[in-house]
Amino acid sequence: MKYVDEYRDSALAGQVAAEIARLSGDRPLKFMEVCGGHTHTIYKYGIEDLLPRTIDMVHGPGCPVCVLPMGRIDDAISMARTDGVIFTTFGDMMRVPGSKGSLLDARADGADVRFVYSPLDALKIASQNPDRQVVFFAIGFETTAPSTAITLLRARAEGVKNFSIFCNHINVIPALQALLVSPDLHLDGFVGPGHVSMVIGIRPYEFIARDHHKPVVISGFEPLDMIQSIQMLVKQISKGRAEVENQYVRVVRPEGNVKALAVMAETMMLRPIFEWRGLGTIAESALKLRPEFADWDAELRFAVPGIRVADPKACQCGEVLKGAIKPWECQVFGTACTPETPIGTCMVSSEGACAAYFNYGRFSMATERATLPMSDLRPAAR
Amino acid sequence: MSKPIQESGQHHDMAEVIEKIERVRQARRHKFYLRDEHITLSHGSGGKATHNLIEGVFAPAFSNPLLEPLDDAATFTPDVLSPRLAFTTDSYVVNPLFFPGGDIGKLAVHGTINDLAMAAAKPLYLSAGFILEEGFPIADLRRIVTSMAAAAADAGVSIVAGDTKVVQRGKADGVFINTTGIGIVRARWPMGQAQLQPGDRVLLSGPIGDHGIAVMLAREALDMETTIESDTAPLHTLVAALLDAAEDGLHCLKDPTRGGVATTLNEMALGSQVAIALDEPAIPVRPEVRGACEMLGLDPLTIANEGKALAVVAPEAAHAALAAMRAHPLGQEAAIIGTVQIGPAGTVFMRTDIGGTRVLDMLVGDPLPRIC
């Protein structure tokens, strides 16, 4: 496939990995990939197999499904169970457990919960069902916020009154700031999120290099993007540099997407405080609708419980999200908590570190136990 | 050779971690605790939840030697003089009813023919049961039934029994169809998902994911300009060609329908307590299907197919089997995609496009698109 195959070239991946090994030598290095999409790429393509053993990848808080606290899920389920409501959400959110089940359970129980690919689809459902209230569960970092913003503007322009948004958009920079001041975090650099940076640009990360002396490389999501980004981090460290670099130049512009930022600013404003699963409350880390859009604000339209629910005691999602422990060090990982019976969000979302590790990474040893006699396999035509 | 891990003051050895997970997995495999209290859509997705429902509810209740292998069809010999027969049933609840490349009727005929074909049987007779929703247009029903009749005629099978029920408006989604089929088994040797041997080759008859993506794009009315059509097709003549070429080297046949290639291969690995090693670059996927999967955050390996077969063949018969598949119109893009290994038992893993490795698990829940 044009524009994809070149980012999955195994010979090139091997060359870049060898360069990483040469540059890093014996020095152990620990990098955090902030974005859940990167965690997914690492495990889906078995990238850790290619890296030298001295390089340790730590998974960060960049999966929006994983960092949403349980209380917000309960609020969503409460709206979904309201008579006459059609509750719409991205597919990922369907299985995330609240304190009393997931949206999928609510649907099995009779609630009208539907998954959509875009908030505009939710708006379309509202136009087609004028006698019902349609709520869109908006979640995600700056990546998905612009499409929520555009949907709001269209709802206003078209005068769709039976549509509202339960806004849970969050910002990546305050989360990184919170992580960087954490005393138990010892990182050598960051693989910066590609999709978020497409919107916000690369300048907001400059404080990490300037104030914390850690290199940041904004990365794409193909396996070779990841490996090259790690190489760029290692190269900076080997030269004693700490800068923000952009590996994902084919998508990310230094100034970001000015139009996307403008529609976000027009429709949304910072919340004074927002709770993150595992990271606690972080000031000015999330977005809510501006008062001009109160008519489309689900939090104003529906009476939601809005209570804080503590995570299950056994679940260590918080530690995983901060990169303080690896998924398998959680006491319920793989036993009580599996993708079929998730306790924590990290096991639900396909971008969650625990799900990625459980689904893809369990047997990195398997290849050593059973060598692959692949020589007689014929590559398929692509 | 395992990677030592020094984290948060504790010393972990990757080998220990993996052994722990593997122990848990093995223990869970033999005890099916169906923890769910309600049926959710995941139980019908063909993935892990379906597997658990079958193992946790149906298999123990209906337990008998014919059902036990949980193959696509049961095979049995009514009396000593009779040929071995294959018997299977399946229900079809696809939405939308009409989609690029097919419709629910065509699917209901092909699906049951294929379940018989996967038992190496020549399909003979089908029954067709309809559950119709009050208000369903007769014109649509006629279109579906005409399509079924044509599909059956093309495949040389007859629909010889039927049933019709009508339920109140809102109690069904237009029309549900159940088809049951019976056929004569052509293979004389034991075949099925318990018969995989280390060293066997895994063959796939063509590119994957077409059906699932075609239906998903039609259902969600996504504005994606693609030409993806369902691959729905009867596979019994392809299987006949395979049987002639591989003879008793053919150890297992399965069609990767709901749950896709990943789930089907996991069922085989579990059934035979072997490992299956796949080579990602060898697995055929159409560029447009890959593109749609990339955009939607889905894995083509877990997407449904309705006209593809997976065949596990002894190594000495593999190339003859591949040649036979490629000579058949439905297998022109067939490929050898992997090999059967001794262990770790019950697992499927894959060498990825870039030379890493990863485990390929069954589909969990429905294939839901990722957020970003």
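A note on names: the letters A, B, ... follow the listed sequences, proteins ahead of strands, and every chain is numbered from 1.
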From [X] atom [atom1] to [Y] atom [atom2], the distance as rounded to the nearest 0.5 Å:
{"X": "H38(B)", "Y": "R107(A)", "atom1": "NE2", "atom2": "CZ", "value": "15.0 Å"}
{"X": "Y7(A)", "Y": "D353(B)", "atom1": "OH", "atom2": "CG", "value": "15.5 Å"}
{"X": "S10(A)", "Y": "E280(B)", "atom1": "OG", "atom2": "CD", "value": "11.0 Å"}
{"X": "M350(B)", "Y": "Y45(A)", "atom1": "CE", "atom2": "OH", "value": "8.5 Å"}

Any residue meeting side chain to side chain donor-acceptor pair (under 3.5 Å) with T345(A), in chain and number order, not counting sequence neighbours: none
For D225(A), all residues meeting side chain to side chain donor-acceptor pair (under 3.5 Å), sequence neighbours excluded: Q247(A), R250(A)
N/O donor-acceptor pair under 3.5 Å between R358(B) side chain and K44(A) backbone: yes
Under 3.5 Å: donor-acceptor pair, side chain of D49(A), backbone of T357(B): yes
Heavy-atom closest pair, residues G46(A) and T352(B): N-CG2, 4.3 Å
Residue pair L50(A) / G356(B): nearest heavy atoms and the distance that separates them: CD2-N, 4.4 Å
Which portion of I227(A) sits near chain B, non-hydrogen atoms under 4.5 angstrom: side chain
Test log, rule side-chain contact (heavy atoms from CB on, under 4.5 Å), inputs I354(B) and I47(A): CA-CA 8 Å; I354(B) 61 151; I47(A) 286 175; 3.8 Å; yes
Contact origin within L204(B) toward chain A - heavy atom pairs under 4.5 Å: neither
